[in-house]
Amino acid sequence: MRHTNFLVLVVFAAAASAFGQNGGVTDPTASALAERMFTEQAARLKTDDRIAMYGAMIQTKPENLHYQNLLAGSYIQKMRETTDFSYLERAAQIVGNVISADSQNYEALRLRSEIELERHHFKQVAEYSRQLMNLSPNDPWNWGTLGDALLEMGDYDGAAEAYQKMVVLRPDLASYNRAAWFRFLTGDMPGAIDIMQRAINAGGGPENKAWCLVELGHLYLKNGQAEEAEKAYAASVREFPGYHPGYAGMGRAQAAKGEYKAAIASYEKAQASTPLPDYAAALYDLYTIQKDAKNAQKQLDTIDVIDRINKSNGEVTNRNVALIFADHDWHVERALELATAELDVRKDIYSYDALAWALYKNKKFAEADQAMAKALKMGTPEPAFFYHAERIAIANGKTKEAEEYRKHYANRFVSIVVSSHDGPELERRAAK
């Protein structure tokens, strides 16, 4: 702690030098060097320390809009680390105040795009990103947010162009991460793994690097490489201690290997950090496999509570919850409601997969077949897609197509699901 406090003071002094708190830096070159030193020193701090430091800086110079933008950016990072969206709202309030004071504040306008992306206002983000390109066409960040928005809207050609431009302008963790995921979406698993490793090696903040390690683990697991996946997930937790996506990933990999007790322990760590419905659903399945009915019921109750809270807050879209309900034959009408509404927000292949699965569970087999075709259009090597496609094809009497779909997910771990209609049997959803 004493070392951290000392570093805060060092960074604060650098900030004063960079931004003129003690008389200012008038020479442009010296100012740029001082600001670079400040940025490098601030990056070494934990997010909570940065928040405290920027708050103190604002108290000394409340009129300095740059300080306010730095605080807003730190709140956004804190939201990523904790999945606590109250930090996003704090950031949004600060950014709104900055833009009200200076409608052309470029730094704040960039942050606004990031905030709206987290809120899933994708059309607005695409518009904002294009507006910022008129101000700074060679800023890679704007190409990244444009690509993200277009991807969620189902415009894959547009997203590809934006991501390619981003990589050319600045090949770093942020651009490589996007390029890797796009490679996966378009069916190039080896390329996706290679580029995600480049993202990790490019360096960046601990949480950002941990996120890339988690996504690398996802790619390995989808490719049937559970051991490699678990190593990547474990590395993410070492990089950013307590990282709940890393613990959840470890749980998935361990479950894929049949190590159910270890998987439960990993998911419990993830849930203790952030109680997502996905973690509760996984723990429900694992506890059921272990014949622990009491704890399984607690997880089921947790999912119902989360959905009731979401309903009371006016939530009408949530494809993750839709898939949980559909997977387990729970509240299948609610699953279809959530999946259908999701398409009003984003029209990507994952939304069509969720819709297809919910339609299937509601015995709307012909409609499910149509939605599934849209989910499969990119040739994405997503094992769950092909499992869903197989079941839907069988329901529609398409035996040959079902057999082909099964080949695509054979020897790939999809998930563990215990259907309430089928009793306590394990459905591994992966052919041996």
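At a threshold of 4.0 Å, the pair R319-D353 does not count as salt-bridged, since none of the basic side-chain nitrogens sits closer than that to a carboxylate oxygen. Here R119 pairs with E116 in a salt bridge; the nearest charged N to carboxylate O distance falls below 4.0 Å.
Y67 places no side-chain N or O within 3.5 Å of a backbone atom of A56 that could act as its donor or acceptor partner. Between the T380 side chain and the L185 main chain, a donor and an acceptor come within less than 3.5 Å of each other. For the pair S351 (side chain) and K347 (backbone), a donor-acceptor distance under 3.5 Å is absent. Formation of a donor-acceptor pair under 3.5 Å by the Q254 side chain with backbone atoms of E259 is not found in this model. N362 places no side-chain N or O within 3.5 Å of a backbone atom of K364 that could act as its donor or acceptor partner. Without hydrogens or angle criteria, T340 side chain to E337 main chain gives no donor-acceptor distance under 3.5 Å. Although no hydrogens or angles enter the test, the distance criterion places no donor-acceptor pair under 3.5 Å between the side chain of N208 and the main chain of L173. The main-chain N or O of H218 is never found under 3.5 Å from a side-chain atom of K222 such that the two would form a donor-acceptor pair. For the pair Y176 (side chain) and M196 (backbone), a donor-acceptor distance under 3.5 Å is absent.
Here the side chains of R391 and Y360 are in contact, with some heavy-atom distance below 4.5 Å.
Screening residues 141-153 for salt bridge (charged side-chain N to carboxylate O under 4.0 Å, His left out) gives D148-R178, E152-R346 as the qualifying pairs, with residues at least two apart or on separate chains. Sequence neighbours left out, the pairs with a member in residues 96-105 that pass side-chain hydrogen bond (donor to acceptor under 3.5 Å, both in side chains) are N69-N105.
Results of the side-chain hydrogen bond (donor to acceptor under 3.5 Å, both in side chains) test with N177 over R198, K209, E215 single out E215 as the only residue that passes.
For the pair Y156 and I349, the tightest heavy-atom approach, listed with the atom from each and the gap, is OH-N, 2.9 Å.
Note: W181 and Y350 have parallel aromatic rings, judged against thresholds of 30 and 60 degrees for the angle between ring planes.
Within a 6.0 Å sphere centred on CD of Q297, heavy atoms belonging to other residues, nucleotides or ligands number more than 12.
D172 contributes atom CG, which lies 6.0 Å from atom CZ of R170 (distance to the nearest 0.5 angstrom). In this structure, M53 CE and K46 NZ are separated by 15.0 Å, a value rounded to the nearest 0.5 Å.
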message: Run S86 and D84 through side-chain hydrogen bond (donor to acceptor under 3.5 Å, both in side chains) and show every step you take.
response: CA-CA 6 Å; S86 67; D84 182 347; 2.7 Å; yes
Before you tell me yes or no, could you show the steps for Y387 and Y409 under ring pair (Phe, Tyr, Trp, His ring centres under 6.0 Å), namely the whole-Å CA-CA distance, both residues' side-chain angles and the distance that decides it to 0.1 Å? CA-CA 7 Å; Y387 173 77; Y409 76 86; 5.7 Å; yes
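At a cut-off of 3.5 Å, with distance as the only test, a side-chain donor of Q225 or N223 sits close to an acceptor on the other residue.
Partners of F386 according to the ring pair (Phe, Tyr, Trp, His ring centres under 6.0 Å) rule, which considers only residues two or more places apart in sequence or in another chain, are H408.
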